[in-house]
Amino acid sequence: MDTPYLEIDLAKLFSNTQELVKMFGARNIDITGITKVALGEPRVANCLVSAGLTSLGDSRIANIKRMRQAGVKATFVLIRTPSMTEVNDVVKYADVSFNTEVSIISELSKAAIKQNKVHDIVLMVELGDLREGILQKNLDATIDQIVKLKGVNLKGLGANLACFSGVKPSKKNMDQLSLLAETYEKKYQIKFDIISGGNSANFDWFFANEDLGRINDVRLGESIFIGRETLTREHIEGLHLDAITLVAEVIESKTKPSFPEGEVGQDAFGNTTIFVDKGDMLRTILSVGKQDVHVPGLTPFIDVDIIGSSSDHLILDATRSPLQVGDDVRFSLDYAALLSCMTSPFVAKSYVENGIT
Ligand SMILES: *Cc1c(COP(=O)(O)O)cnc(C)c1O
């Protein structure tokens with residue numbers, strides 16, 4: 001296997017998904033599995049479906065198209081509000097899309113009529129995190145316009161917290177979402193099928209609250225792939241933290257000083273580093289760098305320190321765990337590191353099923 005590579009353990013992903021389906025199922029909450037971090041890779045998507053998910057969401061229509069064309073059997077949800085230029089593909093490949101703009105929904109309506117389809121819409125409501133969402137005071141006017149459009153069906157409401165500003169899901173903002181659902185169902189004589197409460201950051205809220213109101217769906221990415229909730233990055237008991245790991249290879253390993261020689265200016269990325277003289281150390285270089293991975297998100301499996309990185313090199317202090325040229329070093333990844341590796345053309349992807357590559 002060429003290095004660096006991501007090792008994607010489908011048995012562990014299956015187990016994480018199944019555990020979450022059990023936990024949320026006990027609270028009558030459906031999970032929409034969010035595949036964006038896996039670029040809609042069909043093997044990953046099929047793994048989530050075989051573990052019990054019936055709904056898959058992705059932020060990119062290209063990923064949804066990839067899964068659909070590969071024959072993945074699920075309801076596909078576009079979780080990023082569509083752009084004007086992709087409405088035809090959205091209607092063609094996605095069953096549901098999250099929306100906040102009447103002008104876009106009106107184009108979706110036209111595209112759906114042309115394609116002889118009815119496209120489902122979930123309206124995203126702004127609950128304070130200030131990424132996507134319709135202001136609550138404008139929701140009534142928005143619904144009023146949408147219910148008049150043909151080709152689109154208002155399937156539900158959703159909200160997204162903790163993604164941009166880090167605003168936490170709370171009893172107050174979640175109750176507010178339920179209240180909005182009930183208010184407008186009554187006013188417009190409609191029934192919302194989906195009230196999508198949030199993402200992996202809602203984990204604690206779902207299990208700490210008795211009454212979940214009208215919330216019946218959660219969109220999970222990080223907890224499936226990384227095994228953590230996302231408010232404090234706490235490990236979710238029973239889930240694997242190492243379903244996906246990065247393997248990189250040693251290309252140099254030498255005992256060298258810890259303190260640079262000569263006058264120090266800015267490095268290749270415009271940073272000025274303060275060095276501490278710790279005497280000699282075993283400095284080991286791996287053939288992976290900032291072009292491949294968000295380095296702060298890496299945690300080595302062995303007892304070494306990451307000293308730093310440049311575009312193509314990762315430098316370790318391997319004094320406590322000596323490494324030789326050609327050795328592999330394995331890392332666990334946070335979400336940012338996983339996203340960067342997945343999107344790097346230089347990082348190969350290796351799938352492990354039942355322990356066999
Ligand atoms: C990425 C994303 C999610 C999934 O978030 P996780 O923290 O990975 O669970 C859910 N909803 C929306 C709108 C997203 O963009």
Side-chain angles (χ1 to χ4, degrees), residues 13 16-17 19-21 23-24 29-41 44-45 48 53 55-64 74-83 90 94 96-101 104 120-134 155-169 173-174 177 194-207 215-236 239 241 243-244 294 297 333-343:
L13 276 185
N16 280 3
T17 309
E19 280 301 313
L20 288 163
V21 166
M23 285 181 215
F24 281 92
I29 300 293
D30 291 329
I31 298 173
T32 296
I34 303 301
T35 49
K36 66 189 179 203
V37 79
L39 277 59
E41 162 61 45
V44 169
L48 305 192
L53 299 190
S55 169
L56 296 179
D58 204 291
S59 49
R60 309 279 169 150
I61 195 66
N63 292 346
I64 289 179
T75 299
F76 290 107
V77 186
L78 183 68
I79 60 169
R80 182 173 69 179
T81 46
S83 57
V90 173
V96 188
S97 63
F98 287 3
N99 284 273
T100 59
E101 293 286 354
I104 301 274
D120 286 335
I121 302 281
V122 169
L123 288 181
M124 294 301 273
V125 183
E126 176 57 65
L127 291 184
D129 197 53
L130 298 176
R131 202 178 70 180
E132 74 275 36
I134 299 162
K155 197 173 176 64
L157 300 180
N160 196 57
L161 289 165
C163 259
F164 181 67
S165 309
V167 171
K168 295 179 185 177
N173 52 37
M174 288 293 107
L177 185 60
I194 300 179
I195 308 295
S196 189
N199 52 47
S200 297
N202 287 63
F203 189 84
D204 284 344
W205 178 80
F206 275 108
F207 296 100
I215 315 292
N216 62 4
D217 177 84
V218 64
R219 308 175 305 271
L220 299 183
E222 180 156 345
S223 40
I224 294 174
F225 291 99
I226 311 271
R228 296 181 188 276
E229 61 81 41
T230 55
L231 276 183
T232 59
R233 295 279 164 351
E234 197 79 26
H235 176 201
I236 299 172
L239 301 197
L241 297 171
I244 307 182
H294 178 68
L333 306 109
D334 72 6
Y335 197 77
L338 177 56
L339 192 66
S340 54
C341 287
M342 279 286 189
T343 47

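Start at 1 and go down the list; that is how both ligands and their atoms are numbered.
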Please identify which atoms of ligand 1 are closer than 4.0 Å to at least one heavy atom of [X].
X	answer
Leu220	9 (O)
Glu132	13 (C)
Ile79	2 (C), 12 (C), 13 (C), 14 (C), 15 (O)
Asn160	11 (N), 12 (C), 13 (C)

Options Ile34, Ile226, Val77, ranked by nearest heavy atom to atom 4 (C) of ligand 1, top entry = Ile34
Give me the residue, atom name and distance of the protein heavy atom closest to [atom].
atom	value
atom 15 (O) of ligand 1	Lys36 NZ, 2.8 Å
atom 8 (O) of ligand 1	Glu222 N, 2.7 Å
atom 9 (O) of ligand 1	Ser200 OG, 2.5 Å
atom 11 (N) of ligand 1	Arg219 NE, 2.8 Å

Could you tell me whether the side chains of Ser223 and Ser200 share a donor-acceptor contact shorter than 3.5 Å?
-> yes
Does the N or O separation between [X] and ligand 1 drop below 3.5 Å for any pair?
X	value
Thr230	no
Asn199	no
Gly221	yes

Please find the pair of heavy atoms, one from [X] and one from [Y], that lie closest to each other, and give the distance.
X	Y	value
Ile79	Lys36	CD1-NZ, 4.2 Å
Gly33	Leu53	CA-CD1, 3.6 Å
Pro169	Trp205	CB-CB, 4.3 Å
Leu78	Ile61	CD1-N, 3.7 Å

Arg131 and ligand 1 - part of the residue with a heavy-atom distance under 4.0 Å | side chain
Worked check of side-chain contact (heavy atoms from CB on, under 4.5 Å) between Tyr335 and Arg228 = CA-CA 10 Å; Tyr335 197 77; Arg228 296 181 188 276; over 6 Å; no
Got Asn160 and Glu132 here, is their nearest side-chain heavy-atom distance under 4.5 Å?
-> yes
If you measure from CG on Asp217 to CZ on Phe24, what distance do you get to the nearest 0.5 Å?
-> 10.0 Å
Please indicate whether Phe164 has more than 12 foreign heavy atoms, meaning atoms of other residues, nucleotides or ligands, lying under 6.0 Å from its CZ.
-> no
